[in-house]
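This report refers to the structure that appears directly beneath it.
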Amino acid sequence: MRNSEQVDTLKKELLDIFMTLGADEHQARKKQSAVRHLRARRGIELHNEIKRLSEDLSDIEVLEMDTESDIDTH
């Protein structure tokens with residue numbers, strides 16, 4: 001009886017270790033996924049910011065050209 005109790009205890013401990021390892025791996029994958037998601041989101045935001053700035057600069061250049069042509073004609 002004593003050996004069977006030890007085997008059962010050992011099985012339970014091994015199962016607990018296995019479950020803990022599985023949970024740790026799951027947490028690591030979840031964290032990596034969150035990091036990738038945040039990087040992708042920041043990349044999209046950066047792209048949109050650069051696009052907006054480029055459009056704003058184009059608008060300024062057009063305004064400057066209009067102003068220069070108004071000055072030249074007067």
Side-chain angles (χ1 to χ4, degrees):
M1 189 77 164
R2 179 85 173 136
N3 282 341
S4 119
E5 289 175 5
Q6 287 177 340
V7 169
D8 285 343
T9 302
L10 183 59
K11 284 180 183 179
K12 288 178 185 176
E13 287 178 11
L14 288 173
L15 183 59
D16 287 344
I17 291 169
F18 177 75
M19 295 301 288
T20 301
L21 289 175
D24 291 346
E25 289 173 3
H26 175 73
Q27 281 300 107
R29 284 193 304 272
K30 190 174 176 182
K31 184 177 179 180
Q32 289 172 346
S33 176
V35 168
R36 282 192 308 270
H37 178 75
L38 289 174
R39 284 182 181 165
R41 183 175 178 168
R42 182 57 189 138
I44 291 168
E45 290 172 353
L46 186 60
H47 170 77
N48 289 337
E49 185 177 342
I50 290 170
K51 186 176 175 183
R52 247 188 329 269
L53 289 171
S54 177
E55 290 170 354
D56 289 347
L57 287 174
S58 293
D59 291 345
I60 290 171
E61 289 174 359
V62 167
L63 288 173
E64 286 177 349
M65 284 191 282
D66 287 346
T67 304
E68 288 174 2
S69 66
D70 287 344
I71 293 171
D72 290 343
T73 58
H74 290 114

Q: List for me each residue that meets salt bridge (charged side-chain N to carboxylate O under 4.0 Å, His left out) alongside Glu45, sequence neighbours excluded, and say none if there are none.
A: Arg41, Arg42

**Q.** For Arg39, all residues meeting side chain to side chain contact (heavy atoms under 4.5 Å, CB included), sequence neighbours excluded
**A.** Val35

Q.
Please check this pair: side chain of Ser58 against backbone of Ser54, looking for a donor-acceptor N/O pair closer than 3.5 Å.
A. yes

Quick one: side chains of residues 15-28, donor-acceptor pairs under 3.5 Å with protein atoms, not counting sequence neighbours, listed by atom name and distance.
{"residue": "Thr20", "atom": "OG1", "partner": "Asp16", "partner atom": "O", "Å": "2.8"}

Q.
Suppose clustering is done on Ile, Leu, Val, Met, Phe, Trp and Tyr with side-chain heavy atoms closer than 4.5 Å. Which residues sit in the same group as Ile50?
A. Leu46

Q) Other than Leu10, which residues form its hydrophobic cluster under the rule that side-chain heavy atoms must be closer than 4.5 Å? A) Leu14

